[in-house]
Amino acid sequence: MKKRPFSLTHFAFATLLSAGTSHAATVSVTDGDGNLYGNTDGFALDFDSTTGLAADWTPDLTAGGVYSIDSISLFDRNSFDADFYLGVYTGLTGSTLSGFQGTSFNTVNFSAQGNEMVTWTFSGITVVPETNPAAGNDIRFFILQSGTEPLATAPNIGDNNTQIKRIDGEGGSFATHLSAIIDAGGSGLGTSRSPEYEASLTLIPEPGSLGIATLGLALGTLVRRRRH
């Protein structure tokens with residue numbers, strides 16, 4: 001009896017579905033007491049895969065997986081009339097920046113968007129989460145900047161000109177919150193001050209998985225053609 005090729009077709013499409021689907025991962029950090037932090041250059045996020053922390057990722061990130069940074073939102077409490085890109089860097093020592101990875105597509109004007117979450121969007125900027133908080137390689141420093149060129153140092157925008165909402169009273173450090181405010185004036189990370197933020201990431205499928213998915217689609221197409 002001639003075997004029906006249905007099972008092969010089913011396998012091919014199941015392979016395509018499982019290997020080619022991306023999973024969004026988001027995190028929200030809320031401020032329970034509404035305090036402000038003025039004159040802020042930006043903030044840092046540690047994209048690790050540790051669970052059970054105050055600012056945990058949901059769903060859990062895969063250690064060693066490659067994630068694209070799709071968007072970053074920050075709670076703006078400021079009336080400064082200026083348009084800011086959000087630059088992304090891999091290093092910050094004092095006020096010195098290094099490892100420029102690019103900027104957001106869009107700018108945000110704090111005056112026009114005051115007292116709400118404001119969002120910057122990205123493309124082509126990635127992180128590879130580790131297993132330990134604040135381990136180093138998965139940290140990204142997000143800097144408010146007026147242009148798209150790399151900066152050598154974090155800007156000092158001026159006293160209380162860039163106020164953002166912060167977490168205060170939730171004891172801990174950068175390693176606990178997985179985020180920290182970047183102080184103006186060269187003082188670096190305010191490791192006990194975590195901003196209210198939201199980040200959206202997408203897991204990038206491995207090239208090998210994409211190859212399997214493509215092969216599965218080709219096999220499914222071949223089987224359908226032979227049946228006709």
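Reckoned from all heavy atoms, side chains included, excluding hydrogens, waters and symmetry mates.
- Of all heavy-atom pairs spanning Leu144 and Pro155, the tightest one is O-CG, 3.4 Å.
- Distance check, rounded to the nearest 0.5 Å: CG of Asp83 to OG1 of Thr107 gives 4.0 Å.
- Checked against side-chain contact (heavy atoms from CB on, under 4.5 Å), Val66 has the following partners two or more places apart in sequence or in another chain: Thr126, Val128, Ile204.
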| said: Go through it in stages, so that I can follow the logic: the residues are Phe142 and Ile69, the test is side-chain contact (heavy atoms from CB on, under 4.5 Å), and I'd like the CA-CA distance, side-chain angles, deciding distance and then a yes or no. | reply: CA-CA 12 Å; Phe142 297 90; Ile69 301 175; 4.1 Å; yes

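- Remark: Ile181 CD1 to Ser194 OG distance equals 7.0 Å, nearest 0.5 Å.
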Show every donor-acceptor pair shorter than 3.5 Å between a side-chain atom in residues 85-92 and any protein atom, with sequence neighbours excluded, or say none if there are none.
| unit_1 | atom_1 | unit_2 | atom_2 | d |
| --- | --- | --- | --- | --- |
| Tyr89 | OH | Gln145 | OE1 | 2.9 |
| Tyr89 | OH | Leu151 | N | 2.8 |

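- Looking at Leu97 and Thr153, their side chains never come closer than 4.5 Å, going by heavy atoms from C-beta outward.
- Heavy-atom minimum distance, Trp120 versus Phe84: NE1-O, 2.9 Å.
- No side-chain donor from either of Thr148 and Thr103 sits under 3.5 Å from a side-chain acceptor of the other.
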| message | side-chain contact (heavy atoms from CB on, under 4.5 Å), that's the test. Do Trp57 and Ser49 meet it? Break it down for me. | response | CA-CA 7 Å; Trp57 295 88; Ser49 58; over 6 Å; no

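- Judged purely by atom type and a 3.5 angstrom limit, Asp70 has no side-chain atom pairing as donor or acceptor with the backbone of Ser123.
- Counted by atom type alone, Asp60 and Thr62 present zero donor-acceptor pairs between their side chains at under 3.5 Å.
- Here the closest non-hydrogen pair linking Ala199 and Ile72 is CB-CD1, 3.6 Å.
- Across every non-hydrogen atom of Glu149 and Phe100, the tightest pair is C-CZ, 4.2 Å.
- Contact check for Leu45 versus Arg140: no side-chain heavy atoms found under the 4.5 Å cut-off.
- Using cut-offs of 30° and 60° on the angle between ring planes, the pair Phe43 and Tyr197 is tilted.
- With sequence neighbours excluded, the residues that form a side-chain hydrogen bond (donor to acceptor under 3.5 Å, both in side chains) with Thr119 are Ser73.
- Between Pro195 and Ser179 the shortest side-chain heavy-atom distance falls below 4.5 Å.
- Between Ser95 atom OG and Asp183 atom CG the span is 11.5 Å, to the nearest 0.5 Å.
- Listed by chain and residue number, nothing satisfies the ring pair (Phe, Tyr, Trp, His ring centres under 6.0 Å) test with Phe122 (two or more places apart in sequence, or in another chain).
- The side chain to side chain donor-acceptor pair (under 3.5 Å) contacts involving residues 129-139 comprise nothing, where partners must be two or more places apart or lie in separate chains.
- Residues satisfying the side-chain contact (heavy atoms from CB on, under 4.5 Å) criterion with Ala44, sequence neighbours excluded, are Ile139, Phe141, Phe174, Leu189.
- Here the CD1-CG distance, from Ile164 to Asp41, works out to 10.0 Å after rounding to the nearest 0.5 Å.
- The side-chain heavy atoms of Phe47 and Leu201, taken from C-beta on, include a pair separated by under 4.5 Å.
- The CE atom of Met117 sits 5.5 Å away from the CD atom of Glu196 when rounded to the nearest 0.5 Å.
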